[in-house]
Amino acid sequence: MEYIIFHIDMDSFFASIEENKNIKFKNKPLVVGGRGKRGVVSSANYVARELGIKSAMPISKALKIYPKLIIADAHFEDYSYYSFAIYSFLKTITKLVEIGSIDEWYISLKNTKYESWTEEEFAYYIKEYIYKHWKLKCTIGCSWNKFLAKMATNLSKPNGFGILNKNNFKDKIYNLDISKMYSVGKTTSNTLKELGINVIGDIVKKQYNENEIQKKIGSHWISIKGNALGFGSQKIETSADPKSIGRSHSIIEYYDFNEYKKLFYNITNSLNKNLIEGNYSFNNITLKIKYISNDIDTINIKNNTNQKYLNENKIIFEFDKNIPNTKYNQIKNISVSLWPIKRNIFTQEQMNMFNDNYNDIDSIIVNVNNSLSSKAIFKASELKKHYYKPSK
Ligand SMILES: [Mg+2]
């Protein structure tokens with residue numbers, strides 16, 4: 001391949017995750033967002049987008065466009081799971097992974113075996129892998145710098161692949177409205193239009209007063225100009241591997257003990273999937289309970305080191321021991337984090353985790369329980385510890 005910088009961006013990430021949860025939602029207009037009077041759309045699937053429903057639109061307006069619109073609640077603990085799982089997968093491809101946001105990454109294939117593949121082969125490998133494992137679609141852009149890779153993605157949405165190369169990039173982006181340029185927001189694009197820059201190509205024509213532009217938008221102008229000329233940054237800012245993984249869940253309605261148990265089960269299950277898929281282990285568990293008053297109870301749970309699998313009974317037990325049920329209806333948010341996490345060195349056999357050969361007993365348990373959405377099976381060694389509390 002000639003171009004080694006790729007940008008991977010999930011297609012309507014939150015909405016697709018919610019869509020996958022219920023077969024009845026498939027191919028129907030769906031948004032993730034608040035149901036309240038002031039609720040807005042935080043993510044819309046492509047069926048909804050085709051009707052003109054967009055992110056940040058008030059839900060009331062979206063419902064006027066399509067009264068049967070499916071409004072799904074946001075489940076950030078799920079989005080974190082998928083985000084971390086895809087990031088972990090990309091890290092097996094290359095060390096050079098930059099996190100753009102919860103659902104986008106930049107990678108460089110420098111010094112990897114994939115350099116001998118074509119750009120198309122690599123992009124379709126990634127797309128197929130992600131779809132096969134997580135039933136999610138993405139769009140991939142490729143170029144020689146991050147800005148153009150991102151623009152290639154934007155031009156190829158949804159579920160596409162695009163390359164901006166040295167021969168085609170001017171034709172493909174110079175006629176675009178300046179507001180379509182990545183990093184140029186609404187305010188900046190209005191300012192630039194007032195100063196004579198209407199499309200991206202106007203930047204290179206230089207029929208404007210540069211001093212005036214710089215006075216108005218400052219140093220941002222330097223990077224805008226560099227990007228338009230093809231001198232965008234090639235540096236992948238690898239974030240240090242996360243030191244912890246966690247899940248946070250907002251409590252909207254009052255929960256009783258059994259509902260909290262179910263919540264801890266879901267959180268644990270989602271964390272275990274990340275641990276197994278990414279081959280991580282952890283040492284400590286911290287449980288944080290935040291109340292409506294903004295008081296926080298922090299519970300550090302005793303744990304073994306280099307643990308590969310989290311047992312939810314530990315959390316349920318500590319929660320029950322420390323939090324009186326008179327306080328249940330004052331809980332605003334619950335979070336569980338595992339720290340520090342360490343990626344176990346990949347051996348060839350462990351690499352197979354990413355090839356569906358789940359052979360580890362813990363991963364089998366997680367997968368079975370996950371597909372049944374309940375704690376259907378557990379190890380006999382857990383039997384004694386298995387925490388049971390009759391409902392009152
Ligand atoms: Mg996206």
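Values reported hereafter were calculated over all heavy atoms of this structure, with side chains retained and with hydrogens, waters and symmetry mates removed. Here the structure is a predicted model, which means the values were calculated and not measured. Ligands are counted one by one from 1 in listed order, and the atoms in each one are counted from 1 as well.
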- Item | Number of protein N/O/S atoms that sit closer than 2.8 Å to the Mg ion (ligand 1) | 3
- Message: Apply ring-ring contact (aromatic ring centres under 6.0 Å, His included) to residues Tyr129 and His133 and explain how you reach the verdict.
- Response: CA-CA 6 Å; Tyr129 189 94; His133 284 77; 3.9 Å; yes
- Message: Which Ile, Leu, Val, Met, Phe, Trp or Tyr residues join Ile59 in one cluster when any pair of side-chain heavy atoms under 4.5 Å counts as a link?
- Response: Val31, Val41, Leu51, Ile53, Met57, Leu63, Ile65, Tyr66, Leu69, Ile71
- Note on the structure: On a heavy-atom basis, the closest approach of Tyr328 and Tyr260 is O-OH, 3.0 Å
- Message: According to side chain to side chain contact (heavy atoms under 4.5 Å, CB included), who are the partners of Thr118, at least two apart in sequence or on a separate chain?
- Response: Glu120, Glu121
Can you list, pair by pair, the side-chain donor-acceptor contacts under 3.5 Å of residues 231-238, counting residues two or more places apart and other chains?
| unit_1 | atom_1 | unit_2 | atom_2 | d |
| --- | --- | --- | --- | --- |
| Ser233 | OG | Lys235 | N | 3.1 |
| Gln234 | NE2 | Trp144 | O | 3.0 |

- Query: Are Lys342 and Tyr280 in a cation-pi setup, meaning NZ or CZ lies under 6.0 angstrom from the ring centre and within 45 degrees of the ring axis?
  - Reply: no
